[in-house]
Q: 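Dumping the structure here so I can ask a few things about it.
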Amino acid sequence: MVPVTLAKSLVEICGRDGVILDEERLLVYESDALTAYRHRPGAVVLPRSTDQVQGAVRAIAEHGLPIVPRGAGTGLSGGAVALDGAVVIGTARMNRILDIDAPNRRAVLQPGVINAELSVAAGAHGLYYAPDPSSQTACTIGGNVAENSGGPHCLKYGVTSRYVTGLAVVLADGSMVRLGGQGRESPGYDLVGLFVGSEGCFGIATEIEVGLLPVPEGVCTLLGIFDRIDDAGQAVSDIVGAGLLPAALEIIDGPTIRAVEDSVFAAGYPIDAEAALVIEFDGMEAGLEHDAERAAALCALAGAREVRTARDEDERMALWKGRKKAFGAMGRIAPDLLVQDATVPRTTLPSILRGISDIGQRYDLVVANVFHAGDGNLHPNILFDRRDEHELERVERASKEIMQLCVDSGGTITGEHGVGLDKKHHMDLIYGPDELDAMWQVRRVFDPGGVMNPGKVLPEDTGPAEGAGLPEGIGGD
């Protein structure tokens, strides 16, 4: 619980309905979507404007408490968990689209705008927002900026950082700076690029400018059904190796298929299949059908027993349903899941998937895979019950082995979910002391006091030594 004087100040700034102090209501904010980590915040503040964010940050800073920025809470790395009674500043009520500039294909919005709703609004102008996390009907653009989120279509279109062109950011002392903007290349250092993916450790984005794309003229979606997940992985390498560039290449494995088909999200996938591969092409109508036929033929050569092609939008959405609703369906298997997010070279997918399966069997754990196969972004989901201490220990050991397996193959520890609390102790698998020290130095420029989302991303034992002459930070208005 926060001091009474701070609680009163926060109520004066954000209103009584904008401050949560009740213990039962705070339970809602004790974890993000990675439920293995749970810490109750000291308070939750829900501002509606940049001015209110600035006021709240200043009030919290005066009391020397840490701050955790939070969007919709759909993150999968423990990044929005409030350690040591930190105060959560949630941006979900800052949900207005401030401007859609159709001629310049850009939009300006508050961070609480839900990802899918931006594309709905832009659709009236024949435009859409390309990054599409699987949680896009719930996740917010502010959270996407913090994590540099991707999505199924990032194979062709890239991740969030490609589309963010400007930011208004409230820093740890309550000052506000504007980075980039107006869709232009900014002279000097790319501070927008530096901020995107900083996981709430640099400040809180309160306005976001993004680029929009024209809605594609045509879309063609296929679903390949495989009896072996290795064959689906091989099909992915063959499709990309043939020079094709699908908008998306997504694999759903057998355990996930069966969980989906046994839920309200049933999509009509055969429950005896061990893998399904969603393939989508978009762009000009001319040539789409030819590319789809080539991809279907490559799937058949790799061992697909069936390849379905969507004939209309309803069928297309049905083919996607099993992929988009997979995480929601996994609750039928176990009450908790640990989602890993390693990225490996595409050509290693078959061997890595076998290795993950071996690790799961060795630790007697259910591991379900659903992932962005086109860019090698794996999502092994370890299903478990956190009330079982012995099982939890096995989950932690298996998770570390999966990370090491992926790094040893030439991969890395995250593709889109971020590092957060979950993977910060894996950072030394890919970075040495000098690289980690450089990251600490950059972090201290934005947040000299270390109050913004402490305990996340960088291992504490790698921090700069006391008296190392750290920068004082960057000021603003």
Side-chain angles (χ1 to χ4, degrees), residues 1-96 109-115 117 135 137-147 169-174 176 199-201 203-207 420-421 447 451-456:
M1 183 66 68
V2 300
V4 174
T5 53
L6 174 57
K8 289 181 177 178
S9 296
L10 294 174
V11 169
E12 289 175 1
I13 294 164
C14 296
R16 188 168 298 279
D17 69 338
V19 181
I20 298 174
L21 301 168
D22 178 70
E23 290 291 317
E24 292 185 359
R25 294 178 65 199
L26 289 175
L27 279 173
V28 176
Y29 296 88
E30 71 174 1
S31 77
D32 58 13
L34 189 65
T35 57
Y37 302 102
R38 296 173 185 264
H39 298 268
R40 193 175 305 183
V44 173
V45 185
L46 301 171
R48 296 182 183 274
S49 68
T50 296
D51 287 345
Q52 288 186 351
V53 173
Q54 288 185 275
V57 168
R58 287 173 180 144
I60 297 166
E62 287 175 2
H63 286 77
L65 293 177
I67 296 168
V68 176
R70 182 183 176 106
T74 60
L76 289 162
S77 65
V81 172
L83 304 176
D84 301 321
V87 178
V88 167
I89 295 183
T91 58
R93 292 184 179 179
M94 300 176 67
N95 57 6
R96 292 185 296 123
L109 54 143
Q110 291 183 309
V113 172
I114 292 173
N115 179 291
E117 291 182 358
S135 58
T137 57
C139 67
T140 61
I141 301 295
N144 297 167
V145 169
E147 302 299 331
V169 175
V170 174
L171 300 174
D173 62 357
M176 192 270 284
E199 301 195 35
C201 298
I204 304 172
T206 59
E207 287 185 18
L421 181 63
D447 178 21
V451 300
M452 296 299 301
N453 214 8
K456 314 295 173 55

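Note that these values count all heavy atoms, side chains included, but never hydrogens, waters or copies made by symmetry. Throughout, numbering of the chain's residues begins at 1 and tracks the sequence.
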Q: What pair of heavy atoms forms the shortest contact from Val45 to Ala56, and how long is it?
A: CG1-CB, 4.2 Å
Q: State the CD-CE distance between Glu199 and Met452, to the nearest 0.5 angstrom.
A: 13.0 Å
Q: Any non-hydrogen side-chain atom of Thr50 less than 4.5 Å from a side-chain atom of Val170?
A: yes
Q: Atom CG in Leu46, atom CG in Asp17: separation rounded to 0.5 Å?
A: 8.5 Å
Q: Please say whether more than 12 non-hydrogen atoms of neighbouring residues, nucleotides or ligands are located less than 6.0 Å from CZ in Arg38.
A: yes
Q: Tell me if a side-chain donor or acceptor on Asp84 pairs with a main-chain N or O of Ala86 at a distance below 3.5 Å.
A: no
Q: Considering only heavy atoms from C-beta outward, does the side chain of Ile60 approach that of Val451 to under 4.5 Å?
A: no
Q: Going through the distances and angles, do Tyr29 and Ile20 end up as a side chain to side chain contact (heavy atoms under 4.5 Å, CB included)?
A: CA-CA 10 Å; Tyr29 296 88; Ile20 298 174; 3.7 Å; yes
Q: With no hydrogens and no angle check, is any side-chain donor or acceptor of Asp32 less than 3.5 Å from a backbone partner on Gly79?
A: yes
Q: What is the minimum heavy-atom distance between Ala82 and Val88, and which atoms define it?
A: CB-CG2, 3.8 Å
Q: Could you tell me the separation between the CG atom of Leu26 and the NE2 atom of His39, rounded to the nearest 0.5 Å?
A: 15.0 Å
Q: If you compare all heavy atoms of Val81 against all heavy atoms of Lys456, which two are closest, and at what distance to 0.1 Å?
A: O-NZ, 2.6 Å
Q: If you round to the nearest 0.5 Å, how far is CD of Gln54 from CZ of Arg58?
A: 5.0 Å
Q: Donor-acceptor check, side chain of Gln110 to backbone of Arg48, threshold 3.5 angstrom: yes or no?
A: yes
Q: Start with the C-alpha gap between Ile141 and Asn115, add the side-chain angles, then the distance that decides, and say whether side chain to side chain contact (heavy atoms under 4.5 Å, CB included) holds.
A: CA-CA 6 Å; Ile141 301 295; Asn115 179 291; 3.9 Å; yes
Q: Counting distance only, does the side-chain N/O of Ser49 pair as donor-acceptor with the main-chain N or O of Gln52 below 3.5 Å?
A: yes
Q: Report the distance from atom CD1 of Ile204 to atom CE of Met176, rounding to the nearest 0.5 Å.
A: 13.0 Å
Q: Given side chains that start at C-beta, do those of Pro3 and Leu65 come closer than 4.5 Å, heavy atoms only?
A: yes
Q: Side chains of Val87 and His63: does their closest heavy-atom pair fall under 4.5 Å?
A: no
Q: Please determine whether side chain to side chain contact (heavy atoms under 4.5 Å, CB included) holds for the pair Cys139 and Asn144, giving the CA-CA distance in whole Å, both sets of side-chain angles, and the decisive distance to 0.1 Å.
A: CA-CA 7 Å; Cys139 67; Asn144 297 167; 3.6 Å; yes
Q: Using side chain to side chain contact (heavy atoms under 4.5 Å, CB included) as the criterion, point out the one residue from Pro69, Cys14, Pro47 that pairs with Ile89.
A: Pro47
Q: Determine, stepwise, if the pair Arg70 / Val44 fulfils side chain to side chain contact (heavy atoms under 4.5 Å, CB included).
A: CA-CA 10 Å; Arg70 182 183 176 106; Val44 173; over 6 Å; no
Q: Rounded to the nearest 0.5 Å, what separation is found between the OG1 atom of Thr74 and the CG atom of Leu34?
A: 12.0 Å
Q: What are the two closest heavy atoms between Ala61 and Ala172, and how far apart are they?
A: CB-O, 4.1 Å
